[in-house]
Trainee: 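Let me give you the structure first, and then I'll get to my questions.
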Amino acid sequence: MNEQQDEFSILARELLEFVNGRPFDVAYVEYVLFEGGARSTRGIQKDSVTVNDGPSSNRPLEKLAYRTARALVERASEDSGEKAWGLIFKIWPSGKFNVEYIYTKPDWLKEDDDEEDDTGLDNSLYGPKLDEEKFALTWLQDETAKETAAWGLGRETSWNIDVQSGEISWTFDGRKSKSAAIQILGTLKVDDGVFRWSWANSSIPAPLTKSASILRRWGEERGIAEFSDAAVTVDELRVWSWAAMAAQMSGARGAYRVKDNGLFIYLVFDNLT
């Protein structure tokens, strides 16, 4: 196996951890890279439905995949003589894969994001930073895998949230089959990475912010600003770790994420029926 095949294998391994055994027609990861760090988006397409939720890979593999993507993008820039901003890696169940490089600068990428900065994925706001976050994320990955195997979490064809009743329902193949009580952790804007805690959002009923408030008090006791500031710029992986912590601290069954109007909404759920 040559060097480039090794690199593609790393991207495939990291993406398949996100897939986590779920059936798919095609799975993909998109990396947009800049001097100050990176933004990655993963998804599974099955029967014309795209699902962007799933367990994250372990931290070492996440960092290795990032470095691999950066090396590939830098090489593409050198070979083509044109700046590549990222890549899209796709894989099919047969093992076939495809790599497409992004040569158009994304509209959301600000000019100052392209300034020299060697922090990369070691940025303090990238991925779990605290031991408690790392342990919780590992727990959530394990629990999500169990839920997927038991009743198909992540394989749903649609979902519906009733904020007034504090409940989410999942539909499989056009048939409602599961529902659960929810708490809302907060919302993450897809275009700029700003996360807002539910307790700081007046449109979210107070009874649905209890889990987030538990995590807020925990952070305040330890002087951790990210948990007490109303909004913070952060990446998806770290918010998943916060959802995992909130689920553990409130005794919930697991965590889930939905996308609506340019927002990722992070939930914890319990009382599955």
Side-chain angles (χ1 to χ4, degrees), residues 3-34 36-77 83-109 113 120-123 125-128 137 140-141 144-145 148 154-155 188-193 234-241 243 256-259 262 264 266:
E3 179 182 0
Q4 192 172 61
Q5 288 175 321
D6 284 338
E7 291 170 328
F8 293 153
S9 176
I10 291 169
L11 295 184
R13 282 171 47 208
E14 197 273 338
L15 181 55
L16 288 174
E17 284 213 8
F18 169 82
V19 173
N20 195 37
R22 291 176 288 177
F24 66 100
D25 295 328
V26 62
Y28 67 89
V29 56
E30 176 182 295
Y31 287 95
V32 175
L33 308 168
F34 43 93
R39 178 173 296 180
S40 59
T41 304
R42 293 162 186 77
I44 296 174
Q45 295 177 356
K46 176 66 176 174
D47 299 328
S48 299
V49 176
T50 300
V51 177
N52 296 111
D53 301 310
S56 302
S57 58
N58 63 74
R59 174 69 168 170
L61 181 56
E62 177 87 8
K63 295 178 70 174
L64 179 60
Y66 158 77
R67 295 191 182 102
T68 299
R70 180 172 287 280
L72 287 167
V73 169
E74 290 176 350
R75 192 179 308 142
S77 297
K83 181 176 178 60
W85 292 94
L87 63 81
I88 301 173
F89 180 85
K90 295 181 179 180
I91 192 168
W92 286 262
S94 65
K96 173 187 172 183
F97 65 85
N98 179 67
V99 180
E100 176 184 345
Y101 293 96
I102 303 170
Y103 289 100
T104 301
K105 182 178 179 179
D107 293 337
W108 55 263
L109 190 59
D113 285 332
L121 283 194
D122 292 325
N123 187 299
L125 290 180
Y126 188 94
L137 187 59
L140 180 60
Q141 290 170 336
T144 300
T148 300
R155 297 173 180 164
L188 179 69
K189 291 182 66 177
V190 176
D191 61 352
D192 62 10
V234 70
D235 74 290
E236 298 172 29
L237 185 59
R238 194 168 189 205
V239 182
W240 270 118
S241 75
Y256 186 72
R257 185 184 73 179
V258 303
K259 186 177 181 180
F264 282 133
Y266 290 80

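We count residues from 1, following the sequence as given.
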Trainee: So Glu236 and Leu188, do their side chains get closer than 4.5 Å, heavy atoms only?
Mentor: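 Answer yes - side chains close enough.
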Trainee: Taking it one step at a time, do Leu137 and Leu237 satisfy side chain to side chain contact (heavy atoms under 4.5 Å, CB included)?
Mentor: CA-CA 9 Å; Leu137 187 59; Leu237 185 59; 3.7 Å; yes
Trainee: Pair Trp240, Arg257 - check side chain to side chain contact (heavy atoms under 4.5 Å, CB included), show working.
Mentor: CA-CA 9 Å; Trp240 270 118; Arg257 185 184 73 179; 3.6 Å; yes
Trainee: Measuring only between side-chain heavy atoms, which start at C-beta, is Leu72 closer than 4.5 Å to Leu11?
Mentor: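 In contact.
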Trainee: Is the Tyr101 ring parallel, tilted or perpendicular to the Tyr103 ring (thresholds 30°, 60°)?
Mentor: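 The arrangement is tilted - the two ring planes meet at 30° to 60°.
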Trainee: Excluding sequence neighbours, so at least two apart, what forms side-chain contact (heavy atoms from CB on, under 4.5 Å) with Thr104?
Mentor: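 Once residues adjacent in sequence are excluded, Thr104 has no partner under the side-chain contact (heavy atoms from CB on, under 4.5 Å) criterion.
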Trainee: Side chains of Phe18 and Val29: closer than 4.5 Å at any heavy-atom pair?
Mentor: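 In short, these two side chains do not touch, never coming nearer than 4.5 Å.
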Trainee: Once rounded to the nearest 0.5 Å, what's the spacing between atom CZ of Arg70 and atom CG of Leu87?
Mentor: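 Going from CZ on Arg70 over to CG on Leu87, the span is 11.0 Å.
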Trainee: Return yes if some donor-acceptor pair links the side-chain N/O of Ser40 with the main-chain N/O of Tyr31 below 3.5 Å, else return no.
Mentor: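 Judged by distance alone, no pair lies under 3.5 Å.
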Trainee: Taking the side chain from Arg42 and the backbone from Val19, do they hold a donor-acceptor pair closer than 3.5 Å?
Mentor: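 Judged by distance alone, no pair lies under 3.5 Å.
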Trainee: State which residues pass salt bridge (Lys or Arg N to Asp or Glu O under 4.0 Å) with Arg155; sequence neighbours excluded, sorted by chain then number.
Mentor: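 With sequence neighbours excluded, Arg155 shows a salt bridge (Lys or Arg N to Asp or Glu O under 4.0 Å) to no residue whatsoever.
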Trainee: Are the side chains of Glu30 and Ile102 in contact, using a 4.5 Å heavy-atom criterion?
Mentor: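 They are in contact (side-chain heavy atoms under 4.5 Å apart), so the answer is yes.
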Trainee: Distance-only, no hydrogens or angles: does the Arg13 side chain make a donor-acceptor pair with backbone N or O of Ile10 under 3.5 Å?
Mentor: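 Answer holds: no.
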Trainee: List for me each residue that meets salt bridge (Lys or Arg N to Asp or Glu O under 4.0 Å) alongside Lys259, sequence neighbours excluded, and say none if there are none.
Mentor: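 For Lys259 there are no salt bridge (Lys or Arg N to Asp or Glu O under 4.0 Å) partners, ignoring immediate neighbours.
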Trainee: Working to the nearest 0.5 angstrom, can you tell me the gap between Leu33 CG and Trp85 CH2?
Mentor: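 The CH2 atom of Trp85 is 10.5 Å from CG of Leu33, to the nearest 0.5 Å.
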Trainee: Does Lys46 NZ have over 12 foreign heavy atoms under 6.0 Å away?
Mentor: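 More than 12 within 6.0 Å, yes.
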Trainee: To check you understand the geometry: which heavy-atom pair defines the closest contact between Ala84 and Ser77, and what is its length?
Mentor: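 Heavy atoms only, the tightest pair is N-OG, 2.8 Å.
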Trainee: Do the non-hydrogen side-chain atoms of Gln45 and Tyr28 ever get within less than 4.5 Å of each other?
Mentor: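 Yes, their side chains come closer than 4.5 Å.
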Trainee: State which residues pass side-chain contact (heavy atoms from CB on, under 4.5 Å) with Pro93; sequence neighbours excluded, sorted by chain then number.
Mentor: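 Phe24.
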Trainee: Which residues pass the side chain to side chain donor-acceptor pair (under 3.5 Å) test with Tyr256, sequence neighbours left out?
Mentor: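 Result, side chain to side chain donor-acceptor pair (under 3.5 Å) vs Tyr256: Glu156, Trp170.
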Trainee: Give, for atom CZ of Phe89 and atom CD of Glu7, the distance between the pair rounded to the nearest 0.5 Å.
Mentor: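 Rounded to the nearest 0.5 Å, the CZ-CD separation comes to 11.5 Å.
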Trainee: Which distance, rounded to the nearest 0.5 Å, do you find between the CZ of Arg22 and the OG1 of Thr148?
Mentor: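 It comes to 6.0 Å.
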Trainee: Please round to the nearest 0.5 Å and tell me the distance separating atom CD1 of Ile44 and atom CG of Asp25.
Mentor: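 Between atom CD1 of Ile44 and atom CG of Asp25 there are 10.5 Å.
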